[in-house]
Each structure stands twice: as C-alpha cells, then as structure tokens.
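Worksheet: one structure, shown below.
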Amino acid sequence: MSLFQLLVLTVIFLAASVISVISGSTSLITVPVMLMFGIEPHTAIATNMLGLTLMSMGSTVSFIGKGVIATQRLPLLIGLTLIGSVLGALLVLVIPPRSISLVISIAMVVVAFLSILRRDAGLTPATGECSQISEYCGYAATFMLGIYGGFFSGGYVTLLTAAYILLFRMTFIQAIATTKLINFFSSLVATLIFAHQGIVNYHLGLILGLAMFVGGIIGGQLSLRLTNVWLQRIYLAVVAILVIMTLRKSQQQPPSTSLHLITALG
C-alpha cells in the first residue's frame, strides 16, 4: 500500500469515527473502503476490529466523568456482551448468511418504525423505573446483539443504541455513551480472537486505530455539545440510510459462505 493510499484511508477512518460515535455503523463504511484498496477480506475485518476497539476507547474517554454513562446496569451488560461476542466470533462459519442478513434488515426496519412511533424517546430523562419486561428485554437484546457484534459489528451499535433508548429509557446521550463503553469490550474480544487466528494487520491497524481513537474523542466531545434533539436527528438519518442499504444488499447477497455475508453487510 502506497503512502497516499494510507493517507486517504486514515482520513476516511477519522471522519467515519467522528460521525459514528453518534450513529454507530462504523464498519459499514470502513470495511468496504479497505476492500476497495485491495485488502484481503478477513484481514480487513480483523484489522477493523482493532480500530473499533481504539475508537470506542477514545469516545469513552470523552464521556468519563460527565455523568452520562449509565453505570447502574454496566456489570451485567458487559458480562452479557463478552459472552455474546465470544459466541459470535466462534459461530462465523456456522450461521446461514442469508438468515443473518435478513434479521439485520428486519431489525433496522423495526428500529425506524419504533423511532417514528416514539419520537419523544431519548429526548428527556425518564421519570420512574422501566418495567420488568423492558428490563429483561434490554438484557436479552444486549446478549443477542453481542453475538452479532462479535461476528462483524456493522450496525451493531446502531441497534444497541435503539434498544437502550426504547427498553432502558435512556436519553440519546446516555445511550451513546453507554454503548461506546459496551462496544469497547465487544470489539476487544473479537480482536483477541482474530489476533489468535493471525489475521490482524497490526501495522495498518495501529495507524488507522490511532485515527479512529482521535475520531472517537472528537465525536464524543461533539456529542456532549449537541442537544438530544440533534443527536436524534443525526441518528434517525443514519438509520434511514441503513434501512435502504441493508434491504438492498440482503437481496443481492450470494448464498455461499459467511464471508459473503460479511462483505454484503459491509
């Protein structure tokens, strides 16, 4: 890879990280770009996970001490995420590609639909506790999405943010801050497994990861300055784009290996 190509990749990864702190779905931008530059698919996915770990770390640093991370449920949420991420990484060659792509497409449509129905969700702090059913559903969503997060991560944080707003009744800034901390653990587990398989490009990953770390800090600071209304607008705009992307690509996806799923979702 030439110096110019590396510079272009770095700029793209930096910009994608800034926006995706709010919206999620970093991998839907970064992985396809790496493939366009001729990076082998497995290496692109594994190296991207290393970058996501550093990005999540950078954005979390911005939120620490600001009182926006929902700490009450964190131990259980992190535990469920770690277990789910390990399962996701181990099930890469087992899960039927078309089934997972369809599930993600449907999930995005549901998120868009619920966001329209509950347009006030996430805008103001919730009064009172959420119901027990919502609490259990929130934990279940964390575990199930953790499996997908360990599998690829494209759209993972976007769906997790929606789950925490709708089920745990968090504000947008609380959900954004909390999911970034959760995503750190999910990406870290997947990175360690990919590293064990020897498919992480550390030289490229550390350079792009540094750009994503900086982008995470900038995105975190930007999130703290925006109101929940503006965070909602940015988030919903990205969800609308993802609905179109995932539905279109799920129809085009060739029924072969899980690698086709990964590139299709990316």
Side-chain angles (χ1 to χ4, degrees), residues 10-30 51-75 77-78 81 111 114-115 118-128 130 138 141-142 145 149 153-188 208-242:
T10 302
V11 172
I12 293 174
F13 271 58
L14 174 64
S17 299
V18 173
I19 299 300
S20 64
V21 169
I22 299 173
S23 63
S25 301
T26 319
S27 300
L28 297 177
I29 300 173
T30 54
L52 288 176
T53 304
L54 294 175
M55 185 199 79
S56 299
M57 183 188 300
S59 56
T60 300
V61 167
S62 299
F63 296 128
I64 291 177
K66 300 299 190 300
V68 293
I69 298 178
T71 58
Q72 180 182 1
R73 305 178 181 91
L74 266 183
L77 294 178
I78 291 174
T81 297
V111 167
L114 292 177
S115 297
R118 300 182 56 182
R119 296 186 63 181
D120 58 336
L123 298 183
T124 58
T127 56
C130 62
T142 299
L145 288 172
S153 189
Y156 163 61
V157 172
T158 306
L159 294 173
L160 194 63
T161 300
Y164 287 1
I165 290 171
L166 297 173
L167 298 174
F168 289 146
R169 300 173 66 188
M170 295 182 185
T171 62
F172 267 92
I173 188 60
Q174 287 176 329
I176 288 170
T178 305
T179 55
K180 293 306 163 294
L181 179 56
I182 298 295
N183 191 42
F184 168 76
F185 289 98
S186 175
S187 300
L188 179 61
L208 298 179
L210 179 60
M212 295 179 80
F213 179 82
V214 174
I217 293 177
I218 297 173
Q221 294 295 330
L222 178 63
S223 300
L224 290 169
R225 286 172 169 75
L226 293 174
T227 65
N228 282 306
V229 173
W230 272 104
L231 293 175
Q232 181 195 54
R233 289 171 180 171
I234 296 172
Y235 176 83
L236 292 180
V238 172
V239 168
I241 294 171
L242 292 179

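Model, not experiment: these values are computed from the prediction. We use all heavy atoms of the structure for the numbers below, so side chains are in, but hydrogens, waters and symmetry mates are not.
Of all non-hydrogen atoms in L167 and A141, the two that sit nearest each other are CD1-CB, 4.4 Å. The two residues A16 and T30 come nearest to each other via the heavy atoms CB-CG2, 4.3 Å. Across all their heavy atoms, G138 and Y164 have their closest contact at O-CE1, 4.5 Å.
Screening residues 210-222 for salt bridge (charged side-chain N to carboxylate O under 4.0 Å, His left out), with sequence neighbours left out, gives no hits. Among residues at least two apart or in separate chains, there is no salt bridge (charged side-chain N to carboxylate O under 4.0 Å, His left out) pair with a member in residues 216-231. Applying the side-chain hydrogen bond (donor to acceptor under 3.5 Å, both in side chains) rule to pairs touching residues 14-23 yields S20-T26, sequence neighbours excluded.
The shortest side-chain heavy-atom distance between L210 and L54 does not fall under the 4.5 Å cut-off.
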Considering only distance and modelled atom types, tabulate donor-acceptor pairs under 3.5 Å from the side chains of residues 57-69, sequence neighbours left out.
from : atom 1 : to   : atom 2 : distance (Å)
S59  : OG     : M55  : O      : 3.2
S59  : OG     : S56  : O      : 3.1
T60  : OG1    : S56  : O      : 2.7
S62  : OG     : I217 : O      : 3.1

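Once rounded to the nearest 0.5 Å, the distance linking CG of N228 with CD of Q174 reads 8.0 Å. Distance check, rounded to the nearest 0.5 Å: CG of L226 to CD of Q232 gives 13.0 Å. Here the straight-line distance linking atom CG of L52 with atom OH of Y156 works out to 11.0 Å at 0.5 Å rounding. Taking CD1 from I182 and CG from L160, the interatomic distance works out to 7.0 Å, rounded to the nearest 0.5 Å. Between the CG atom in L222 and the CD1 atom in I19 there is a gap of 7.0 Å [rounded to 0.5 Å]. Atom OG1 of T161 is separated from atom CZ of F172 by 8.5 Å, given to the nearest 0.5 angstrom.
Residues satisfying the side-chain contact (heavy atoms from CB on, under 4.5 Å) test with A211, not counting sequence neighbours, are T10, L14. Every residue two or more places apart in sequence or in another chain was checked for a side chain to side chain donor-acceptor pair (under 3.5 Å) with T178, and none qualifies.
Listed for the Y235 side chain is a donor-acceptor partner under 3.5 Å among the backbone atoms of T158.
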Between M170 and I176, is a side-chain contact (heavy atoms from CB on, under 4.5 Å) present by the stated rule, with each step listed? CA-CA 9 Å; M170 295 182 185; I176 288 170; over 6 Å; no
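Under the side chain to side chain contact (heavy atoms under 4.5 Å, CB included) rule, S223 has a single partner from I234, I22, V18, which is I22.
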